[in-house]
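To start, the structure under review is shown below, and the notes come after it.
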Amino acid sequence: MSEERSLNFIEEIVEEDIAAGKHGGRVLTRFPPEPNGYLHIGHAKSICLNFGLAKKYNGKTNLRFDDTNPTKEETEYVDSIKEDVKWLGFDWAEELYASDYFDNLYDLAVELIKKGLAYVDDSTAEEIAAQKGTPTEPGTPNQYRSRSVEENLQQFADMKDGKYQDGDKVLRAKIDLASPNMLLRDPLMYRIKHAHHHRTGDAWCIYPMYDFAHGQSDAIEEITHSICTLEFVSHRPLYDLFIEELEIFPSKQYEFARLNMTYTVMSKRKLMQLVSENHVEGWDDPRMSTISGLRRRGYTAASIREFCDRIGVAKRENMIDFSLLEFCIREDLNKTAWRRMAVLDPIKMIITNYPEGQTETLHGENNPEVEGGDGGRDIPFSNELWIEREDFMEEPPKKFFRLGVGLMVRLKNAYIVKCEDFKKDADGNVTEIYCTYIPESKSGHDTSGIHVKGTIHWVSVPHAKTAEVRLYDRLFKVEDPSSEEGDFKEYLNPDSLQILPNVYIEADLANAEQGKGYQFIRKGYFTLDKLSTADKLVFNRTVTLKDGWAVKKG
RNA sequence: UGCCUGAUAGUAUAAUGGUAGUACGACGGUUUUUGGUACCGUUUGUCUAGGUUCGAAUCCUGGUCGGGCAACCA
């Protein structure tokens, strides 16, 4: 079954390591989010990469929360992250927290002080920044850099014991103030923060920085391949240096290009702003690029995994077309979504030769892509139908395969009708369309011999139910809001949400289930919103169908 | 004006010194009781200038362009 697929550069590294017998061929990756926001589609790429790699090479993946900054992290985020990873279809080997290692990390810092490789600095943040120099000028040492090991040990212990206020002192690695890599100019290892931590409470008032937590956590867990995004490339020398000096497990860091996607933003900071400033309903607003937003919008886990598979993994900066994500969800839903009929913008059609008051029950299959139609449902029919306003034109152009006086179409799963006349109101708006039907053209039993080009959807007026339907468009007006002048929020699309309060839906849709995708024939894929109730159905449009006619019209 | 990193159709991604391929997009066609799906076809590319080599997207040198780095963020 496995047609050969070329490996991405990380898979190549892993295969080389396995072939060389490194770590006995063991593969252990980790997904290390900071619990300071909800996961987005960019995280999905990382999740699929880390978990996918482990799965492919008989390894495991840890879920590790990088919770070293208590002022930004909350349990709400921990919970949402776990839910999203699970929903995407992945199981972690262990649920771990950097905060589990605070004691361990403290000991490692002490070890570094003892080796003369770390010192307590009393300078202010501004002084430290100034003393670091610039990319073209080396930094300058201060008097604290030459503190004795004993003094450093005592000071660090006092820091831990809460004898100082926030900002009074920091622990710094003593590396090279003239390094061309700014990160190596005596980076901070610990800072004082008298803040409540979501897991350790008030047990600590000093917290390790990323650079003195991440690699060490990897080593503690004996992670074999620590995969992160490109912005950490310049951190790698530090990552390796600490591991080497501490003589702990030699985890290795590899970097890939993060995902960027057109017409959206992909940073927790920006997504957070959209939420807190109420530009969207919340982290799971269906227009958001968050996993929870996509889920609420109707995207399936399988479609997101497929997307992550298709975009590939490389080191080059990229900008993926949103249309690729749309392709992936259409491909999935086409094969699974049940077909139903709904009229979003209604106009009434009256069939003049069908007895008033008569109804009959027609049948429609659930999904023509599935052998046998995947079952079906009953569809009530009568002489009054709702049809889509755009399916009728007073003066139809050539190749308009829908209705206009004298034109014929098939009503999906029902009869062929011929448009005879229509009525307009005082403002010139078409209000009713009059048709005659061909009794011999009943779907499945057509002996009329008539062939029509167009088929339209419809809902019987007396049997119709109603629902609110929410149509979504791209959140931003421009491809890359982050690269535009000024605030990215200036480029929000004001028409990204359109609410249709009263859409006519076929009766069977009252049985729609949460989490299931439905195709409203010719209109797109829809799913029940989380706010939907039996009394008030609310559908979200996941994505439109491809519309070749719209393209032709121009 | 420092260091790191990258550059292949519109967008992504392969080709690991030996025929530049695949997917999405776009365009055209066939089928169709969804102007959907499916199927078929067309289209467009190795940043640049040198060098090594029988042969370079691949190796070397210079340039150009993009991204990252000077948070008590991760």
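Scope of the values below: all heavy atoms of this structure, side chains included, with no hydrogens, waters or symmetry mates. In the text below, chain A, chain B and the rest are named by the order of the sequence lines, each starting its count at 1.
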### Task
Please answer whether the main-chain N or O of D374(A) pairs with a side-chain N or O of N366(A) as donor and acceptor at a distance below 3.5 Å.
yes
#### Entry: Nearest-angstrom distance, C1' atom, rG68(B) to rG55(B)
37 Å
### Message
Please tell me whether F322(A) and Y263(A) form a close aromatic pair, meaning their ring centres lie under 6.0 Å apart.
### Response
no
#### Entry: Inter-nucleotide C1' distance (rA20(B), rU44(B)), Å rounded
13 Å
### Message
Nearest whole Å is fine: how far is rG25(B) P from E326(A) CD?
### Response
10 Å
#### Entry: Between P of rU33(B) and CD1 of I450(A), the distance in whole Å
14 Å
### Intra- and interstrand pairs of RNA chain B - dot-bracket, Watson-Crick/G-U under 3.5 Å, | marks other strand
.((((((..((((....[..)))).(((((.......)))))....(((((..]....))))))))))).....
### Task
For K56(A), check salt bridge (Lys or Arg N to Asp or Glu O under 4.0 Å) against everything at least two apart and list the hits.
E11(A)
### Query
Taking 4.0 angstrom as the limit, do E34(A) and R64(A) come out as a salt bridge?
no
### Query
Taking the C1' atom of each, how far is rA57(B) from rG6(B), in whole Å?
15 Å
### Task
Determine the interatomic distance between P on rU8(B) and the same-named atom on rC59(B); round to the nearest Å.
14 Å
Name the atoms and distances for all side-chain donor-acceptor pairs under 3.5 Å in residues 311-319 of chain A, with sequence neighbours left out.
unit_1, atom_1, unit_2, atom_2, d
N318(A), ND2, R258(A), O, 3.4
N318(A), ND2, R316(A), O, 3.4

#### Entry: Nearest-angstrom distance from the residue atom CG of D176(A) to C1' of rC3(B)
13 Å
### Message
Using whole Å, what does the distance between atom P of nucleotide rA15(B) and atom CZ of R316(A) come to?
### Response
12 Å
### Query
Among rA12(B), rU34(B), rA14(B), which nucleotide sits nearest the side chain of P368(A)?
rU34(B)
### Task
Using the test ring-ring contact (aromatic ring centres under 6.0 Å, His included), find all partners of Y97(A) that sit at least two apart in sequence or belong to another chain.
F65(A)
### Query
Rounded to the Å, how far apart are L324(A) CG and rA26(B) P?
12 Å
### Query
Does any N or O donor sit under 3.5 Å from an N or O acceptor when you compare the side chain of R310(A) with the base of rU13(B)?
no
### Message
For a quick check of understanding: with a heavy-atom distance under 4.0 Å over all strands, which category does R269(A) fall into, base, sugar-phosphate or nothing?
### Response
nothing
### Query
Of G548(A) and S323(A), whose nearest nucleotide on RNA chain B comes first from the 5' end?
S323(A)
### Query
Are Y210(A) and F232(A) close enough that their ring centres sit under 6.0 Å apart?
yes
### Task
Quick one: list whatever passes salt bridge (Lys or Arg N to Asp or Glu O under 4.0 Å) with E484(A), sequence neighbours left out.
none
### rC47(B) to rA9(B) separation - P atoms, rounded to the nearest Å
7 Å
### Message
Does V452(A) reach a base, just sugar-phosphate, or nothing at all? Heavy atoms under 4.0 Å.
### Response
nothing
### Message
As a test of reading the structure: which of rG2(B), rU33(B), rU11(B) is closest to the side chain of M319(A), going by heavy atoms?
### Response
rU11(B)
### Task
Starting at atom CD of E390(A), determine the distance to atom C1' of rU34(B), rounded to an integer number of angstrom.
13 Å
### Query
Which whole number of Å gives the distance between the P atom of rG28(B) and that of rU37(B)?
15 Å
### Query
Roughly how far apart, to the nearest Å, are rG17(B) and rA12(B) at atom P?
26 Å
### Message
If the condition is salt bridge (Lys or Arg N to Asp or Glu O under 4.0 Å), which residues does R330(A) pass it with, not counting sequence neighbours?
### Response
none
### Query
Taking the six-membered ring for Trp, are Y437(A) and Y354(A) ring centroids under 6.0 Å apart?
yes
### Task
Assign I521(A) to base, sugar-phosphate, or nothing according to its heavy-atom contacts below 4.0 angstrom with the strands shown.
base
### Query
How would you list, by chain and number, every residue that makes a side chain to side chain donor-acceptor pair (under 3.5 Å) with T229(A), sequence neighbours excluded?
E231(A)
Show me the protein contacts with nucleotides 37-40 of chain B, counting only N or O atoms at under 3.5 Å.
unit_1, atom_1, unit_2, atom_2, d
rU37(B), O2', N334(A), ND2, 2.9
rU37(B), O2', E369(A), OE1, 3.0
rU37(B), O2', E369(A), OE2, 3.4

### Length of the CZ-P vector between R340(A) and rU33(B), whole Å
21 Å
### Message
Using a 4.0 Å heavy-atom cut-off, does F327(A) contact any base of the nucleic acid, only the sugar-phosphate backbone, or nothing at all?
### Response
sugar-phosphate
### Summary
Contacts of K132(A) meeting side chain to side chain donor-acceptor pair (under 3.5 Å) (sequence neighbours excluded), chain-then-number -> none
### Query
Would you say R522(A) reaches rG35(B)'s phosphate, i.e. side-chain N/O to OP1/OP2 under 4.0 Å?
yes
### Task
Could I get the full list of salt bridge (Lys or Arg N to Asp or Glu O under 4.0 Å) partners for E74(A), not counting sequence neighbours?
none
### Task
Record whether the side chain of S443(A) comes under 3.5 Å of the base of rU33(B) through a donor-acceptor pair of N or O atoms.
yes
### Task
Mark up nucleotides 64-74 of chain B, 5' to 3', with B wherever a protein heavy atom is under 4.0 angstrom from a base atom, S wherever such an atom reaches only the sugar-phosphate, and - elsewhere.
---SSSBSBSB
### Message
Within the 4.0 Å heavy-atom criterion, would you say Y415(A) contacts the bases, only the backbone, or no part of the nucleic acid?
### Response
nothing
### Message
Mind checking if G444(A) touches a base, just sugar-phosphate, or nothing, with heavy atoms under 4.0 Å?
### Response
base
### Query
L362(A) CG to rU33(B) P: how many Å, rounded?
17 Å
Identify each donor-acceptor pair in which a side-chain atom of residues 160-167 of chain A lies under 3.5 Å from a protein atom, sequence neighbours left out, and give them as a table.
unit_1, atom_1, unit_2, atom_2, d
K163(A), NZ, D158(A), OD1, 3.2
D166(A), OD1, H194(A), N, 2.9

#### Entry: Heavy-atom donor-acceptor pair, Q519(A) side-chain to rU34(B) base, under 3.5 Å
yes
### Span that lies between the C1' atom of rA26(B) and that of rC60(B), in whole angstrom
39 Å
